[in-house]
Visitor: 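Input: one structure, supplied below.
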Amino acid sequence: MLREKARFIRLETIRLIEIAKVGHYSSVFSCAEIFAALYYGVMRLRHGEPRWAGRDRFLMGKGHAAVGLFPVLVDHGFIARELLDGYTRLGSPLGDHPDMTKVPGIDFSSGSIGHALSNGAGIALGGRLRDEDFNVFVMLGDGEMQEGQVWEAALFAAHHKLSRLIAIVDRNGYQLDGKVDDVIGIESLKDKWSAFGWRVHEVDGHDLGALTALLRRLKADTARSGPACVIAHTVKGKGVGFMETEPGWHLGYLAPADARAAMDEILAREI
């Protein structure tokens, strides 16, 4: 079931970008399993109630992957299905980045990279002060690790022992300008997060069984005294062969014949 949801996310991403005529295919494809695990296997949500106070929260640092999240919000009854058909068109609430003031189910308006973890830490601290038991998940790009605000937020979260905060780093190895470690090296990422006071775990970000089990275990660990970080090792463009080997698909557009070929490959592959 989770594999089918990840496939659904990839296919809908292609369909919606065909409407927009440009979009972030490979950025979504690296985290499709993360979306599927969180929204269909881990997070506490109520169908049709995007503002339910007891829901788990989800924030994206790499908000340009929102095109893959919007179909999931439809699936959960948070937004109307027909909104997808107007994706990015004039007057549509659905843009390249998510806007929490326009899209029910979005917990953070992204745009400039690097701010999501700070907001997630604030939400987690606010929940604790109100004696609420929701969890906060924040997905970050690995290029985002080059942002100083990420590490300020990491210090803050560890200092305040925000045990209901879980960061997920989509470690796909690429950012807009090329390989992450060629632009500014970020390794050893595990050691860095550990040094900042986080419990760190690594997982194959496309192994839905392992990923879902790990996130469930972290969510259920009420004895943990501080925040946790999951480094999810992924492949940029996962699911479409020519995107997995070409970093230029961070932002682009598939001609109709190429889009059809990509969709056929996604349908045929066992990821």
Side-chain angles (χ1 to χ4, degrees), residues 4-40 43 45 47-51 57-113 115-116 137 139 141 170 172 175-176 234 236-240 242-243 246 248-267 271:
E4 288 303 315
K5 291 301 183 183
R7 182 177 285 116
F8 157 74
I9 289 165
R10 289 185 172 92
L11 292 173
E12 280 292 277
T13 294
I14 292 176
R15 185 178 76 86
L16 296 185
I17 292 177
E18 283 192 271
I19 297 170
K21 306 305 181 190
V22 68
H24 297 85
Y25 299 98
S26 59
S27 298
V28 175
F29 293 173
S30 70
C31 65
E33 280 75 25
I34 296 172
F35 285 157
L38 285 171
Y39 276 86
Y40 299 100
M43 291 172 62
L45 301 166
H47 187 85
E49 297 186 38
R51 293 187 174 86
R57 273 61 164 178
F58 176 66
L59 297 82
M60 282 192 296
K62 47 175 290 182
H64 49 279
V67 62
L69 182 60
F70 293 144
V72 176
L73 300 185
V74 170
D75 235 11
H76 282 278
F78 292 171
I79 61 175
R81 187 169 302 278
E82 54 266 26
L83 284 179
L84 295 180
D85 296 331
Y87 172 65
T88 69
R89 301 301 84 189
L90 185 64
S92 172
L94 307 182
D96 192 46
H97 281 256
D99 186 335
M100 64 184 294
T101 69
K102 297 179 180 178
V103 186
I106 294 296
D107 292 310
F108 171 64
S109 301
S110 66
S112 180
I113 303 301
H115 304 303
F137 297 89
M139 185 180 73
D170 181 6
N172 63 38
Q175 60 190 101
L176 178 62
T234 62
K236 190 107 169 180
K238 182 70 171 178
V240 178
F242 63 82
M243 289 186 179
E246 174 47 65
W249 283 107
H250 177 90
L251 180 66
Y253 172 65
L254 287 166
D258 295 324
R260 184 68 261 171
M263 294 174 79
D264 288 343
E265 183 177 353
I266 290 167
L267 288 167
I271 297 174

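Worth saying up front: this structure is predicted, and the values here are computed from it rather than measured. Along the sequence shown, residues are numbered consecutively beginning with 1.
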Visitor: What are the two closest non-hydrogen atoms of Gly77 and His47, and how far apart are they?
Guide: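 Closest heavy-atom pair between Gly77 and His47: N-CE1, 3.4 Å.
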
Visitor: Report the relative orientation of the aromatic rings in His64 and His250; use parallel for angles under 30°, tilted for 30 to 60°, perpendicular for over 60°.
Guide: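 Ring orientation, 0 to 90° scale: tilted.
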
Visitor: Output the distance between atom CG (Leu45) and atom CZ (Arg57), rounded to the nearest 0.5 Å.
Guide: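 The CZ atom of Arg57 is 10.0 Å from CG of Leu45, to the nearest 0.5 Å.
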
Visitor: Between CD1 of Ile79 and CG of Leu84, what distance do you get to the nearest 0.5 Å?
Guide: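 So the gap between those two atoms works out to 5.5 Å.
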
Visitor: Of Ser30, Ser26, Ser27, which meets side chain to side chain donor-acceptor pair (under 3.5 Å) against Asn172?
Guide: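 Among Ser30, Ser26, Ser27, the one meeting side chain to side chain donor-acceptor pair (under 3.5 Å) with Asn172 is Ser30.
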
Visitor: Do Leu254 and Met243 have side-chain heavy atoms sitting under 4.5 Å apart?
Guide: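 Answer yes - side chains close enough.
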
Visitor: So which atom in Ile106 and which in Asp99 form the shortest heavy-atom distance, rounded to 0.1 Å?
Guide: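 Answer, listing the atom of Ile106 first, then Asp99: CG2-C, 4.2 Å.
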
Visitor: Going by side chain to side chain contact (heavy atoms under 4.5 Å, CB included), name the residues that satisfy it together with Leu267, two or more places apart in sequence or in a different chain.
Guide: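 If we apply the side chain to side chain contact (heavy atoms under 4.5 Å, CB included) test to Leu267, skipping adjacent residues, the hits are Arg7, Leu11, Arg260.
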
Visitor: Any side-chain heavy atom of Glu12 sitting closer than 4.5 Å to one from Val74?
Guide: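 No, every pair of side-chain atoms sits at 4.5 Å or beyond.
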
Visitor: Donor-acceptor pair, distance only, cut-off 3.5 Å: does the side chain of Thr234 make one with the backbone of Cys31?
Guide: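 A pair under 3.5 Å: no.
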
Visitor: For the backbone of Lys238 and the side chain of Arg10, can you confirm whether one donor and one acceptor N or O come within less than 3.5 Å of each other?
Guide: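 Judged by distance alone, yes, a pair lies under 3.5 Å.
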
Visitor: Considering non-hydrogen atoms only, spot the tightest contact between Thr13 and Val67 and give its length.
Guide: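 Looks like CG2-CG1, 3.9 Å.
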
Visitor: When you compare the side chain of Phe35 with that of Phe58, does any pair of heavy atoms fall below 4.5 Å?
Guide: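 SC-SC contact between Phe58 and Phe35 confirmed.
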
Visitor: Hey, could you give me the OH/CG distance between Tyr87 and Asp96, rounded to the nearest 0.5 Å?
Guide: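 It comes to 5.0 Å.
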
Visitor: Which heavy atom of Phe29 sits nearest to which heavy atom of Ile266, and what is that distance?
Guide: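 Shortest heavy-atom separation between Phe29 and Ile266 comes out as CZ-CD1, 4.3 Å.
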
Visitor: Any idea which heavy atoms bring Leu251 and Val22 closest together, and the distance?
Guide: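 So the minimum-distance heavy-atom pair works out to CD1-CG2, 3.8 Å.
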
Visitor: Distance check, rounded to the nearest 0.5 Å: Leu83 atom CG versus Phe78 atom CZ?
Guide: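 Going from CG on Leu83 over to CZ on Phe78, the span is 14.5 Å.
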
Visitor: Using every non-hydrogen atom in the two residues, find where Ile14 and Ala262 come nearest and quote the distance to one decimal.
Guide: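 Shortest heavy-atom contact: CD1-CB, 3.9 Å.
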
Visitor: In chain order, what residues pass the salt bridge (charged side-chain N to carboxylate O under 4.0 Å, His left out) check against Lys62, with sequence neighbours excluded?
Guide: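 Once residues adjacent in sequence are excluded, the partners of Lys62 under the salt bridge (charged side-chain N to carboxylate O under 4.0 Å, His left out) criterion are Asp170.
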
Visitor: Mind checking the CD1-CE spacing from Ile34 to Met60? Nearest 0.5 Å is all I need.
Guide: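 It is 11.5 Å, given to the nearest 0.5 Å.
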
Visitor: Has the side chain of Tyr39 got a donor or acceptor atom that lies under 3.5 Å from a matching backbone atom of His76?
Guide: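 Such a contact is absent between Tyr39 side chain and His76 backbone.
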
Visitor: Would you mind reporting whether Arg81 and Asp75 have side-chain heavy atoms less than 4.5 Å apart?
Guide: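 Yes, their side chains come closer than 4.5 Å.
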
Visitor: Quick one: pull up CD in Glu18 and OH in Tyr253 and give me the separation to the nearest 0.5 Å.
Guide: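 Rounded to the nearest 0.5 Å, the CD-OH separation comes to 5.5 Å.
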
Visitor: Does the separation of the ring centres of Phe108 and His97 fall below 6.0 angstrom?
Guide: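 For Phe108 and His97, the ring centres are not under 6.0 Å apart.
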
